[in-house]
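The structure under discussion appears below in the form of structure tokens.
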Amino acid sequence: MRIVCIPYIPGLLAFREMAVLGPIIARLRNQVDLYVVDGHGIAHPRRFGIASHVGVVSDTPSIGVAKKRLYGKEIAEGPLRLLVGDNGEKIAAIIESSRGKEIYVSPGHRISLDSAVRLVKSMLKPGSRLPEPTRIADAVSKRIRREVKRTGIARPGFIECSSSMSLDRFFG
DNA sequence: GCGACAG
DNA sequence: ATCTTGTCGC
């Protein structure tokens, strides 16, 4: 749990959220085989989304699983739906779940697109849209936030950023 | 100048 | 993403 100090800007998600993921990565050092990140991997304007960022910082294989497209042109390769970059590189696969709701799977770090798709599919549960790691983490974080909001009591791990940390002069 | 735009 | 009222399907 952290207070974030940078606004959300498409393409710069890691600027905002690595403040939260960084400490987690440090605490889990040498205990993680694969990171499944809520956001894109190389399906990014600079081929380096937050999933790639997490993989490089942790030196661990990582996959990006996003709910919406950020970058890339959609093409059809037979029955498959893919996202290709400006150079034609396949940067993501679009997997459709139950009702039209799709997810974008892209390599983060140290993994191929094929392996990423195979692994994510193995983590999908019938009826739900997101892979189990993401779905569970999302549910847990939302539940804890609601509880903190209701009781006003934060649990250990809560760290504030400097009150003077205003980045409005950099953005907006 | 006009769209597009992870969470 | 968040907020929020009512509503649809399992």
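Counting only heavy atoms from C-beta on, Arg69(A) has its side chain closest to dC5(B) among dC5(B), dA1(C), dG7(B). The nucleotide whose nearest atom lies closest to any side-chain atom of Leu70(A) is, among dT2(C), dC5(B), dG7(B), dC5(B). In this structure, of dA6(B), dG7(B), dT2(C), it is dT2(C) that holds the atom nearest to the side chain of Lys142(A).
Between Lys68(A) and the phosphate of dA1(C), there is no side-chain N or O to OP1/OP2 separation shorter than 4.0 Å. Residue Arg16(A) places no side-chain N or O under 4.0 Å from the OP1 or OP2 atom of dG7(B). For dA6(B), the OP1/OP2 oxygens have no side-chain nitrogen or oxygen of Tyr71(A) closer than 4.0 Å. Put simply, Lys67(A) has no side-chain N or O that comes within less than 4.0 Å of OP1 or OP2 on dA6(B).
Rounding to whole angstrom units, CD1 of residue Ile103(A) and C1' of dA6(B) are separated by 14 Å. Computed from coordinates, the Tyr104(A) OH to dA4(B) P distance equals 13 Å when rounded to whole Å. In this structure, His53(A) places its NE2 atom 18 Å from P of dG7(B), rounding to the nearest Å. At whole-Å resolution of the value, CD in Glu74(A) and P in dA4(B) are 15 Å apart. For the pair Arg146(A) CZ and dT4(C) P, the interatomic distance rounds to 13 Å; values are reported in whole Å. Taking atom CD of residue Glu17(A) and atom C1' of nucleotide dA1(C), one finds them 9 Å apart after rounding to whole Å. Rounded to an integer number of Å, the gap from Arg46(A) CZ to dA6(B) P is 13 Å. Atom CZ of Arg129(A) and atom C1' of dG7(B) are 13 Å apart (whole Å).
With rounding to the nearest 0.5 angstrom, the CD1 atom of Ile91(A) is 6.5 Å from the CD1 atom of Ile42(A).
Using a 4.0 Å cut-off between charged side-chain N and carboxylate O, Glu102(A) and Arg129(A) make no salt bridge. Salt bridge annotation for Asp114(A)-Arg118(A): absent, with no cationic side-chain nitrogen under 4.0 angstrom from a carboxylate oxygen.
Aromatic ring pairs are classed by plane angle as parallel below 30°, tilted from 30° to 60° and perpendicular above 60°; the pair Tyr104(A) and His40(A) is perpendicular.
Thr134(A) contributes no side-chain N or O that, together with a main-chain N or O of Leu130(A), makes up a donor-acceptor pair within less than 3.5 Å.
Residue Gly11(A) is in base contact, counting any heavy-atom pair closer than 4.0 Å across all strands shown.
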